[in-house]
Number of protein chains: 2
Amino acid sequence: MAGKNLVGPEADALDLGAVFRALADEHRRSVIARLAADHSDSERGCNSFDLPISKQTQTHHFRVLREAGLVDEIDYGNRKGIRLRRADIERRFPGLLALLGAEPPGGTAPR
Amino acid sequence: MAGKNLVGPEADALDLGAVFRALADEHRRSVIARLAADHSDSERGCNSFDLPISKQTQTHHFRVLREAGLVDEIDYGNRKGIRLRRADIERRFPGLLALLGAEPPGGTAPR
DNA sequence: TTTCAGGTACGATGCAAGTCGTACCTGAAG
DNA sequence: CTTCAGGTACGACTTGCATCGTACCTGAAA
């Protein structure tokens with residue numbers, strides 16, 4: 001019931017390469033951009049992003065985001081929530097999240 | 001003798017996805033980090049970075065950096081120079097270059 | 001002109017990554 | 001218990017990408 005918090009890297013261990021690799025994908029970047037735009041930093045359901053990809057692929061992307069240290073994932077068994085690790089990101093890479101707002105809302109048109 | 005300036009995207013056309021993809025690679029990130037650390041922004045020889053990779057691969061990486069809009073490449077025929085597009089980058093993605101300094105000098109150990 | 005070092009072009013290779021199909025698990029609601 | 005939707009595990013496929021080998025180009029210097 002409580003939900004298990006899946007493990008990610010410590011705040012000090014955030015790797016810029018992994019972060020850039022995670023944010024290089026349009027889908028993952030749009031997720032982080034939307035989380036960053038909501039300053040309440042509340043937990044959010046994993047299927048509330050309307051990503052135009054299959055469930056399995058979404059699982060993959062959320063895992064990459066967690067392993068890069070950008071989000072916490074909370075596992076409730078039959079559903080899952082994620083929360084932006086804003087404080088950790090801002091401490092280690094100040095200004096990074098603000099950059100995501102420099103993109104048009106819909107993101108760059110896919111090739 | 002003058003050197004031809006190879007083409008890259010306009011300042012307004014810088015794409016965050018392409019930039020993140022370019023900076024996801026350790027070698028390219030180390031090049032940009034070193035350029036960003038030198039505030040004189042002078043032109044620099046392409047083989048002054050001591051990258052532990054072949055000539056052909058270096059050609060590839062510098063092309064990626066240019067196509068992402070991060071550097072200008074000046075072709076002199078039998079040698080080449082690059083220059084950081086600091087103003088364009090700062091205008092479009094303020095604070096991005098500062099993030100590269102948040103990494104230890106040697107960068108993360110290569111896999 | 002010949003030599004030479006820096007750079008490019010093209011192709012091949014190996015590996016990482018995005019995507020999905022099938023099967024299965026999990027907890028909540030009937 | 002049964003049903004059902006959200007999520008995962010595993011595997012396959014495809015694409016992208018970092019890397020290098022071979023061959024060639026370019027300009028400077030001997």
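Convention: sequence-line order gives letters A, B, ...; per-chain numbering from 1. No experiment lies behind these values; they were computed from the predicted model shown.
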Please pick, from C:dG7, D:dT19, C:dT26, the nucleotide with the shortest atom-to-atom distance to any side-chain atom of B:Lys55. C:dG7
Between P on C:dA16 and CZ on A:Phe20, what's the gap in Å once rounded to a whole number? 22 Å
Output the rounded distance in Å from OH (B:Tyr76) to P (C:dT8). 13 Å
Measure from the side chain of B:Ser54, starting at C-beta and using heavy atoms only, and say which of D:dC20, C:dT8, C:dG7 lies closest. D:dC20
Out of D:dA18, C:dC20, D:dG7, whichever nucleotide has its closest atom nearest the side chain of A:Cys46: D:dG7
Atom CD of B:Gln58 to atom C1' of D:dC20: distance rounded to whole Å? 13 Å
Show, in sequence, the C-alpha distance, side-chain angles and deciding distance for B:Arg86 and B:Asp38, and conclude whether the salt bridge (charged side-chain N to carboxylate O under 4.0 Å, His left out) test is met. CA-CA 11 Å; B:Arg86 186 185 297 274; B:Asp38 171 22; over 6 Å; no
Given atom NE2 of B:His27 and atom C1' of D:dC17, what is their separation to the nearest angstrom? 14 Å
Counting only N and O atoms by type, is there a donor-acceptor contact under 3.5 Å from the side chain of A:Arg85 to the main-chain atoms of A:Leu70? no
For the side chain of B:Arg21 and the backbone of A:Ala24, is there at least one donor-acceptor N/O pair under 3.5 Å apart? yes
Which is true for A:His60 with a 4.0 Å heavy-atom rule: it touches a base, it touches only sugar-phosphate, or it touches nothing? base
May I have the distance from B:Leu51 (atom CG) to C:dG7 (atom C1'), rounded to whole angstrom? 14 Å
Distance in angstrom units between B:Ile82 CD1 and C:dG6 C1', rounded: 14 Å
Looking at C:dG7, I'd like to know if its phosphate oxygens (OP1 or OP2) sit under 4.0 Å from a side-chain N or O belonging to B:Thr59. no
Starting at atom CD of B:Glu67, determine the distance to atom P of C:dT8, rounded to an integer number of angstrom. 12 Å
Pick the nucleotide of DNA chain D nearest each of A:Arg63 and A:Asn78; which residue has the one closer to the 5' end? A:Asn78
Which nucleotide, D:dC20, C:dT8, C:dC20, lies nearest any side-chain atom of B:Thr57? D:dC20
Which of these nucleotides, D:dG6, C:dC20, C:dG6, is closest to any side-chain atom of A:Asn47? D:dG6
Does B:Lys80 put a side-chain nitrogen or oxygen below 4.0 Å from OP1 or OP2 of C:dT8? yes
Rounded to whole Å, CZ of A:Arg28 lies from P of C:dT19 at a distance of 8 Å
The ring pair (Phe, Tyr, Trp, His ring centres under 6.0 Å) partners of B:His60 (sequence neighbours excluded) come to none
Tell me which pairs pass side-chain hydrogen bond (donor to acceptor under 3.5 Å, both in side chains) where either residue lies in residues 62-71 of chain A, with sequence neighbours left out. A:Arg66-A:Glu73
How is A:His61 classified with respect to the nucleic acid when contacts are heavy atoms under 4.0 Å: base, sugar-phosphate, or nothing? sugar-phosphate
Let me know, please, whether B:Gln56 or B:Val64 comes out on the 5' side of the other along DNA chain D by nearest nucleotide. B:Val64
Which part of the nucleic acid, if any, lies within reach of A:Asp75 when heavy atoms closer than 4.0 Å are counted: base, sugar-phosphate only, or nothing? nothing
